[in-house]
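Everything below concerns the one structure shown next.
Bear in mind the structure is a predicted one, so any value in this text is a computation, not a measurement. Just the heavy atoms: all of them, side chains too, but no hydrogens, waters or symmetry mates, feed the values below. In what follows, every chain begins at residue 1, and chains take the letters A, B, ... in the order their sequences are listed.
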Amino acid sequence: MHKVLLEWFEKHGRHELPWRQTQDVYKIYLSEIMLQQTQVSRVEGEYYPKFLKRFPTLKALAQASENEVLALWSGLGYYSRARNLLQCAKICKDTLPKEPKELMKLPGIGTYTANAICAFAYNQPVAVVDTNIKRVIMRFFALQDEKEVQQKAQMILNTNEPKKHNLALMDLGSLLCTPKNPLCDQCPIQQWCAGKESPHSFGKTKKTKREEKVIHFGIFLQSGHIAMERSNKNLYKNMFILPAIESAPKPFATFKHSYTKYNIQATLTLLNKRPPNTHLIPLQALSAYPVASIALKGIKKAIKHLQEDL
DNA sequence: GTCCAGGAGA
DNA sequence: TCTCCTGGAC
């Protein structure tokens, strides 16, 4: 089984991904953090190369300001990842621990990321379980209970080629053993798979319902600057956000956004004086500031609308 | 328009 | 168990 899996991987695996072309533990660590809850396509083209260019080593990152790190992370979401990344760099200086247990003591590194770093950077014999691999394992062993997944994954781990084995299962999950229409015909390990007759019975993803929510934002513009405040809540912590206002009888525009469990209906209202606790941010240099997508969306909408009014 | 994928921390 | 985010697929 190990042999055909690796043969399939050599032929069909996503070997071109930039973080698979390096042995540098920092580059692998960075990729794993960026890939948490985030699609490959969003990371590989823009955020990953941009971030590495600015901070090529853990040591370089350790010298950074949180502002700059968050600015580079703008638009990627889950900003605690960026704050934790910087924390790790400051804690570790220039060397990350090499054991999963030690890595997991660091902020932002859980079971998955700790195992991924050890398997992918050091070829250690640890089973990596992300949601793709979890689905593969649950189908392969026809598991109903996800508690057994880590143990089963460790059981079938190829200890001679742990890195390739884990990457192979990952690619199998994302290319063939997909949530909706698994391509069992093409699967190299189909003959050993206990769940192949009813793949949809195993490894189901849980459904999410969203709540509707209305938020009113205030727009204050002054000679090419916009008033923004720093979030001090967990949501968008330390990022610049548009000031919220209580009510908006006469909004000049609206837009939609969503996060977590909320569908946001946002309104924009022109303010005639700058709200307290706001900073005037130059519109030309917005990309140098930590601004989340929801705020950027609002700002673009506001500018477009106001220009059309002229 | 609605749905979906994707780990950590508290 | 709940919060944290986003854009692209449909």
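- Between Tyr112(A) and Glu32(A), the side chains place a donor N or O and an acceptor N or O closer than 3.5 Å (distance only, hydrogens not considered).
- Atom C1' of nucleotide dC5(C) and atom CG of Asn84(A) are separated by 15 Å, given to the nearest angstrom.
- A close approach under 4.0 Å does not occur between any side-chain nitrogen or oxygen of His257(A) and OP1 or OP2 of dC5(C).
- When the side-chain nitrogen and oxygen atoms of Lys261(A) are compared with OP1 and OP2 of dC2(C), none of them lie within a distance under 4.0 Å.
- Note: NZ (Lys297(A)) to P (dC5(C)) measures 15 Å, nearest angstrom.
- Taking the side chain of Arg135(A) as heavy atoms from C-beta on, and the options dG6(B), dA8(B), dC5(C), the nearest nucleotide is dG6(B).
- Nucleotide dG7(B) holds its P atom 13 Å from the CG atom of Asn115(A), rounded to whole Å.
- The shortest distance between the side-chain N/O atoms of Ser293(A) and the OP1/OP2 oxygens of dG7(C) is below 4.0 Å.
- Between Gln36(A) and Lys180(A), the one whose closest nucleotide on DNA chain B sits nearer the 5' end is Lys180(A).
- Residue Ser258(A) is classed as a base contact, given a heavy-atom separation below 4.0 Å to a base.
- Ring orientation note: the planes of His305(A) and Phe252(A) are tilted relative to one another, at an angle of 30° to 60°.
- Here the C1' atom of nucleotide dG7(B) and the CG atom of Leu30(A) are 16 Å apart, to the nearest Å.
- Counting to the nearest Å, the P atom of dT2(B) and the CD atom of Gln265(A) are 11 Å from each other.
- For Thr38(A), no side-chain nitrogen or oxygen approaches OP1 or OP2 of dA5(B) to under 4.0 Å.
- Ring-plane geometry between Trp19(A) and Tyr48(A) is classed as perpendicular, the angle between the planes exceeding 60 degrees on a 0 to 90 degree scale with a lower cut at 30.
- Heavy-atom neighbours of Lys163(A) NZ from other residues, nucleotides or ligands within 6.0 Å: above the threshold of 12.
- In this structure, Tyr78(A) reaches the bases: a heavy-atom distance under 4.0 Å links it to at least one base atom across the strands shown.
- Distances shown here put a side-chain N or O of Thr131(A) below 4.0 Å from the OP1 or OP2 atom of dG7(B).
- Nucleic acid contact class of Leu35(A) (heavy atoms, under 4.0 Å, all strands): sugar-phosphate only.
- Look at Glu7(A) and Lys11(A) and you find no salt bridge, because none of the NZ, NE, NH1 or NH2 atoms lies under 4.0 Å from a carboxylate O.
- Taking side-chain N and O atoms only, Tyr262(A) has no distance below 4.0 Å to OP1 or OP2 of dC2(C).
- Using a 4.0 Å heavy-atom cutoff across all strands shown, Asp130(A) reaches sugar-phosphate atoms only and no base atom.
- One interatomic measurement links the two molecules: OH of Tyr79(A) to P of dC4(C), which rounds to 14 Å at whole-angstrom precision.
- At the heavy-atom level, Ile264(A) lies nowhere under 4.0 Å from the strands shown.
- Between Asn132(A) and dG6(B), a side-chain N or O to OP1/OP2 separation shorter than 4.0 Å is present.
- Aromatic pair Phe9(A)/His165(A): centroids not less than 6.0 angstrom apart.
- For dT3(C), its base never sits under 3.5 Å from the side chain of Arg81(A) at any donor and acceptor pair.
- Side-chain N/O atoms of Tyr259(A) and base N/O atoms of dC5(C) include no donor-acceptor pair closer than 3.5 Å.
- For the pair Leu85(A) CG and dG9(B) P, the interatomic distance rounds to 13 Å; values are reported in whole Å.
- Between the CZ atom of Arg210(A) and the P atom of dA5(B) there is a distance of 12 Å, rounded to whole Å.
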